[in-house]
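Order of listing sets the numbers, starting from 1, for every ligand and every atom in it.
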Amino acid sequence: MRTYPNLTVVGHPLIRHKLAVLRDAQTPTKQFKELVDEIAMLITYEITRDLPLEAVEIETPLERTTAHTLAGKKLTLVPILRAGLGMVDGVARLIPSARVGHIGLFRDHETLQPVDYYFKIPSEPEARDFIVLDPMLATGGSASAAVASLKRSGATRVQLVCLVAAPEGVERMLADHPDVRVWTAALDRELNAQGYILPGLGDAGDRLFGTR
Ligand SMILES: O=P(O)(O)OC[C@H]1O[C@H](OP(=O)(O)OP(=O)(O)O)[C@H](O)[C@@H]1O
Ligand SMILES: O=c1cc[nH]c(=O)[nH]1
Ligand SMILES: [Mg+2]
């Protein structure tokens, strides 16, 4: 499989198992949603491996001791509507202190260009570590536009977490935002003429929300 300097594929057996079921066209909506949530949580465990910690004094029922809690900037999750919404609750469950922003984009079915319809993030973006969430990185147009919007607002530290990435999308992110690490559960083969990832899993938003 090709490698890219900006890409990390998280291939934990539990993630690969759940992704296999997620891809299956027979998997119904309820299970599809559960699996998107679970895979997002498992990838989050991996990408937060190096989070900074700070010492704190606490009293256990037996004695006073020094422990460590998450330090540094507030992590801020930014799901790209609609499909990113399937990932945000799972990630937030692991990082309860995280703030949540929202970016609304849909891909024009003819041009495959992203159409921006919503943008709301917490204050002081320059002081935050952003994690953009979207299950699919296809042409990369949506993710690239979302990161560009965050940067225009002052963000300087952004990562992208997706479930399935196409080489085209990884290359687009490398060209447009080489500073952004892309985390994915799988790097697939290519895009079809409609811009869908092959083998992929279909339209993530439609399978999550039963709109098709
Ligand atoms: O990398 P790209 O070529 O931009 O394609 C990826 C985007 O397409 C899908 O969203 P869609 O436009 O279907 O909106 P939805 O999530 O609301 O279904 C998917 O959720 C990504 O956001
Ligand atoms: O395969 C794809 C590509 C773009 N958007 C999706 O939801 N699925
Ligand atoms: Mg969609």
Side-chain angles (χ1 to χ4, degrees), residues 2 4 6-7 9 18-29 31-37 39-40 43 77-91 100-121 130-151 158-178 180-212:
R2 282 198 61 177
Y4 297 88
N6 59 327
L7 180 71
V9 180
K18 292 175 186 293
L19 193 58
V21 181
L22 193 70
R23 289 179 188 275
D24 190 326
Q26 302 309 312
T27 298
T29 296
Q31 195 182 4
F32 190 90
K33 292 176 80 155
E34 286 164 1
L35 289 165
V36 169
D37 182 271
I39 298 169
I43 289 187
L77 315 177
V78 185
I80 296 179
L81 305 184
R82 298 175 298 168
L85 292 176
M87 300 173 71
V88 65
D89 292 344
V91 178
V100 179
H102 293 89
I103 293 180
L105 285 171
F106 67 86
R107 200 173 67 159
D108 180 288
H109 287 287
E110 306 308 317
T111 66
L112 297 187
Q113 293 307 307
V115 178
D116 201 321
Y117 63 86
Y118 190 78
F119 183 86
K120 189 169 183 62
I121 63 169
F130 288 93
I131 301 177
V132 176
L133 303 170
D134 194 337
M136 311 305 278
L137 179 63
T139 67
S142 303
S144 180
V147 172
S149 297
L150 284 172
K151 286 181 173 178
V158 184
Q159 299 192 84
L160 170 67
V161 177
C162 57
L163 302 185
V164 179
E168 294 87 336
V170 178
E171 286 160 11
R172 176 71 185 274
M173 285 302 289
L174 183 58
D176 294 357
H177 304 289
V180 171
R181 176 139 298 273
V182 177
W183 300 81
T184 186
L187 176 64
D188 275 16
R189 189 182 70 249
E190 62 183 328
L191 298 179
N192 70 7
Q194 289 71 39
Y196 278 86
I197 301 173
L198 301 179
L201 51 75
D203 188 296
D206 290 338
R207 291 191 69 182
L208 275 169
F209 303 112
T211 49
R212 170 58 81 199

Return a yes/no value for I80: is any of its N or O atoms, backbone included, closer than 3.5 angstrom to an N or O of ligand 1?
no
Problem set entry | Contact flag D206/the Mg ion (ligand 3), N/O/S atoms, threshold under 2.8 Å | no
Protein neighbours of ligand 2 with a heavy atom under 4.0 Å, given by chain and number, are R107, M136, A138, G195, Y196, I197, G202, D203, A204
Of all protein heavy atoms, the one nearest atom 7 (C) of ligand 1 is S142 OG, 3.6 Å
re atom 6 (C) of ligand 1, the protein heavy-atom contact at minimum distance is M136 O, 3.5 Å
(message) Quick one: does any side-chain atom of R23 pair with a main-chain N or O of G200 as donor and acceptor, under 3.5 Å?
(response) yes
Between the CZ atom in R181 and the CD atom in Q159, the distance rounded to the nearest 0.5 Å is 8.0 Å
In this structure, CG of D37 is separated from CG of L85 (nearest 0.5 Å) by 12.0 Å
min-distance protein heavy atom vs atom 16 (O) of ligand 1 -> A83 N, 3.1 Å
shortest atom 12 (O) of ligand 1-to-protein heavy-atom contact is with R107 N, 2.8 Å
Residue, atom and distance of the protein heavy atom nearest atom 13 (O) of ligand 1 read D203 OD2, 3.5 Å
Here the N/O/S atom of D203 closest to the Mg ion (ligand 3) would be OD1
Rounding to 0.5 Å, atoms CD (E168) and CE (M173) come to a distance of 14.5 Å
Given the options I103, D134, V100, V91, P79 meets side-chain contact (heavy atoms from CB on, under 4.5 Å) only with V100
Here the gap from L112 atom CG to L191 atom CG, rounded to the nearest 0.5 Å, amounts to 8.5 Å
among protein heavy atoms, the one nearest atom 15 (P) of ligand 1 is R82 NE, 3.6 Å
- So is G140 close enough to ligand 1, meaning a heavy atom under 4.0 angstrom away? yes
In terms of heavy-atom contacts, C162 and L137 come closest through SG-CB, 3.9 Å
Contact region, D134 to ligand 1, non-hydrogen atoms below 4.0 Å, reads side chain
Hey, are R82 and T211 close enough side-chain-wise for a donor-acceptor pair under 3.5 Å? yes
- Message: A side-chain contact here means heavy atoms from C-beta on lying under 4.5 Å apart; do L150 and F119 qualify?
- Response: yes
Logged contact type for A204 with ligand 1, heavy-atom cut-off 4.0 Å, is neither
Problem - Short side-chain to backbone donor-acceptor contact, N6 and P178, under 3.5 Å - result: no
Do protein heavy atoms approach atom 18 (O) of ligand 1 to less than 4.0 Å? yes
Between the CG atom in L81 and the OH atom in Y117, the distance rounded to the nearest 0.5 Å is 4.5 Å
Of L85, T139, L191, the residue with the heavy atom nearest atom 3 (O) of ligand 1 is T139
- Message: Under 4.0 Å and counting heavy atoms only, is there anything from the protein next to atom 21 (C) of ligand 1?
- Response: yes
Ignoring hydrogens and angles, tell me if any N or O in the side chain of T184 forms a donor-acceptor pair with the backbone of L163 under 3.5 Å. yes
Note: L112, heavy atoms under 4.0 Å from ligand 1, region reported as neither
CE (M136) and CG (L201) are apart, to the nearest 0.5 Å, by 4.0 Å
Closer than 3.5 angstrom, by distance alone: can the side chain of R207 be matched with the main-chain N or O of T27 as a donor-acceptor pair?
yes
